[in-house]
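In what follows, a single structure is set out as structure tokens and then discussed.
Each chain gets a letter, A, B and so on, in the order the sequences are listed, and its residues count up from 1.
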There are 2 protein chains.
Amino acid sequence: MSRQPTLRDVAEKAGVAVSTASRALTRPGRISAHTTERVRAAADALGYTPSASARALSSGRTTTVALVVPDVTNPFYFGLVRGTGARLREGGYVQVLVDTEESAEAEARALVGLRGTVDGAVLAASRLTDARLAELAADLPIVAVNRTSPSLAAPSVLIDTPSGLVQALEHLASLGHRRVAYASGPRTSWSDRRRQAALHPAAERLGLDVTVLGPYAPVRTAGPAAADAAVQAGVTAVVAFNDLLAFGILERLDARGVDVPAQLSVVGCDDVFGADLVRPALTTVASPMERAGRLAADLLISRLEGTGPSTGFGTEPAVLPTHLVIRASTGPAPA
Amino acid sequence: MSRQPTLRDVAEKAGVAVSTASRALTRPGRISAHTTERVRAAADALGYTPSASARALSSGRTTTVALVVPDVTNPFYFGLVRGTGARLREGGYVQVLVDTEESAEAEARALVGLRGTVDGAVLAASRLTDARLAELAADLPIVAVNRTSPSLAAPSVLIDTPSGLVQALEHLASLGHRRVAYASGPRTSWSDRRRQAALHPAAERLGLDVTVLGPYAPVRTAGPAAADAAVQAGVTAVVAFNDLLAFGILERLDARGVDVPAQLSVVGCDDVFGADLVRPALTTVASPMERAGRLAADLLISRLEGTGPSTGFGTEPAVLPTHLVIRASTGPAPA
DNA sequence: GTGAAAGCGCTAACAG
DNA sequence: CTGTTAGCGCTTTCAC
């Protein structure tokens, strides 16, 4: 190939002005059918494909949006990826996924770098400080998922995991458990704080004695420590910050010969891939991630296209309900 | 904010020409320390961030590359994502992930849409036809992973799963198995054909009787059918096209009360997340996906920067070895 | 309905 | 070392 054909080449070949060619290709209404046809023909005779950056530079729009996640390989985000992807595709946008590897700095860098490359972004579990987030949101339309803050000038959607945890507590209480442990997540985790805040009042109401263990990293390898701590604490049930942690707990318990659920019940959070693969299958709080993704993309699109509920700014976060999925890892409290 | 500051604003504020500002910001060598400092100061006083599309348009470089996968939520690709991501970051590139949802058309569309947005792309398990692939590769530097073709004018890296399968066969033979089944993948899968081709000669050499079952979709829900077929075939071991399928087989076997590995041994492929989570833990062929990712990114970068082994074109595919991970799902053949 | 021309923000020669 | 000057390929007024 000598050189990618440009719109100019197309126009020349069709015998029209570049502006006409541009219109014919992008706004098929205002040009005569005949001309449009000629241009179209010339375009694919030449194998013409528009330059994204040129188009972006002159129009200010890229029709692509970013989904920024802390870790693409965390199964928790799978549903989100699918949900935003589906809605975005319907809206004619291309989705690009950016992995920040749990780093606030990488997240900020990506967001800055993306300016001009994407029309907007959906931020999942953003690690940014409120201030930095607000600052970046001023430059790029943003929708946050599982993250919000008073100062945040962007729509957000929240997964109501705290209420799911309360359901888990009720479930355990109904099985006769009295002493349960909560294997907490990272101290810096906003989600963990929300969960703990919901846990204590519910425990009180249900007459449950809740011991907080941890904090633990939300990964499988942190499970053994949590399992040992739970056994030590003498509880009959343990609720984990997330499924990954619960997987590790299950493994350790198995290795120590502690029978689940006969001696100890285990509850996870998120219902990720694998939760029904482990033995015993994990009772867990399921989040409607795909719905969350669709909703987030929806909010972003209406913001981008000026449609929808005014600006969406200052709106209360959309809160999505979760539900408890009861599997084999929970059972009656030991006598 | 009224308007994003441009390089021009920075230059004005610093009292220099835009070109000087440009150089000060991007090539800190050729400008006096003093001027560079002034420009830098002006830039962040204004909160200047360069426009990606303008830069791309005029320089022809975007410093971002795409990783195109059939399904981002398939754990098989996790290592790849990490590998390319790491190498790309080291090289100063931004990685964007594109999910084609197993559709050749979406893949082609993405690739065309990406032209001008990315400098190149790593294609994992491309679904495109040879012709279409060659055509697109002419427009955009591409490196293929687990896909190659005679006509392909792009470097490629292959995972040598076939040899891993042969190791699995040897393992089974050494355990006394004589009759084994292969639960095959999609008929259109290039990988499956390669695997079958390796399977038969090895089986012959080892004196194994191999029955091919399927084809099955490479998903967990296809497992039960495969499990039933294996039982019906009267084999003592079954090797699955991939781990997902093996998971489904394990589940079904458990449900039917068939003891693994006492009555039937099961081997998977890929060693994905979850393989050591299931019970019994799955014996499987592990692929060095992270290495593959690094290598692919490496090849792409040297192609982009004109470094490395000439063009890399016409090069033989790089082949990466796999190894068998023996866990609890395989054992001695039943007497 | 169609053409001419003016940039979008930046980089890259080419002069000094 | 720094300023001037062209564009990169496209969209978009503004005329005709």
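Here B/Ser32 reaches the OP1 or OP2 of D/dT2: one of its side-chain N or O atoms lies under 4.0 Å away. Taking only side-chain nitrogens and oxygens, A/Ser22 never comes nearer than 4.0 Å to OP1 or OP2 of D/dT12. At the phosphate of C/dC10, neither OP1 nor OP2 sits under 4.0 Å from any side-chain N or O atom of B/Ser59.
If you take CD of B/Glu12 and P of C/dC10, they are 13 Å apart, rounded to a whole angstrom. When rounded to the nearest whole Å, the span between CZ of A/Arg8 and C1' of D/dT11 equals 16 Å. Residue B/Leu7 contributes atom CG, which lies 18 Å from atom P of C/dG7 at whole-angstrom precision. Atom CZ of B/Arg61 and atom P of C/dC10 are 17 Å apart (whole Å). Taking atom CG of residue B/Asp9 and atom C1' of nucleotide C/dC8, one finds them 13 Å apart after rounding to whole Å. In this structure, the CG atom of B/Leu25 is 17 Å from the P atom of D/dC1, given to the nearest Å. In this entry the distance linking NE2 of B/His34 with C1' of D/dC1 reads 13 Å, nearest Å. Here the P atom of nucleotide D/dT2 and the CZ atom of B/Arg38 are 11 Å apart, to the nearest Å.
Tested against B/Pro155, the residues B/Leu295, B/Val143, B/Asp298 include a single side chain to side chain contact (heavy atoms under 4.5 Å, CB included) partner, B/Val143.
Taking the nucleotide of DNA chain D with the nearest heavy atom to each of B/Leu57 and B/Ala33, the more 5' of the two is matched to B/Ala33.
B/Ser51 comes within 4.0 angstrom of sugar-phosphate atoms only, judged by non-hydrogen atoms across all strands, and of no base. If you check every strand for non-hydrogen atoms under 4.0 Å, A/Thr26 touches sugar and phosphate atoms only. Residue contacts for B/Ser53: at a heavy-atom cut-off of 4.0 Å it reaches no nucleic acid atom on any strand shown.
Here the two rings, on B/Phe78 and A/Phe78, have centers that are under 6.0 Å apart.
Between B/Glu305 and B/Arg61 there is no salt bridge, since no side-chain N of the basic residue sits under 4.0 Å from a carboxylate O of the acidic one. B/Arg89 and A/Glu101 are joined by a salt bridge, as a carboxylate oxygen and a charged side-chain nitrogen come within less than 4.0 angstrom of each other.
Distance from the side chain of B/Tyr48 is smallest for C/dC10 among the nucleotides C/dA4, C/dC10, C/dT11. Considering only the side chain of A/Arg23, D/dT13 comes nearest among D/dT13, C/dG1, D/dT11. For B/Ile31, the listed nucleotide lying nearest its side chain is D/dT2; candidates were D/dC8, D/dT2, D/dT13. The side chain of A/Thr20 sits closest to C/dG3 out of C/dG3, D/dG3, C/dC10. Counting only heavy atoms from C-beta on, B/Ser58 has its side chain closest to D/dC8 among D/dC10, D/dC8, D/dT11. For A/Thr6, the listed nucleotide lying nearest its side chain is D/dG9; candidates were C/dT2, D/dT11, D/dG9. Distance from the side chain of B/Ala17 is smallest to D/dG3 among C/dA12, C/dG9, D/dG3.
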Carefully, step by step, assess A/Asp99 and B/Gln95 under the rule side chain to side chain donor-acceptor pair (under 3.5 Å). CA-CA 8 Å; A/Asp99 186 342; B/Gln95 157 168 293; over 6 Å; no

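At a cut-off of 3.5 angstrom, counting only N and O atoms as typed in the model, there is a donor on one side and an acceptor on the other between the side-chain of B/Ser19 and the base of D/dT4.
A 6.0 Å sphere centred on CZ of A/Arg193 holds more than 12 heavy atoms belonging to other residues, nucleotides or ligands.
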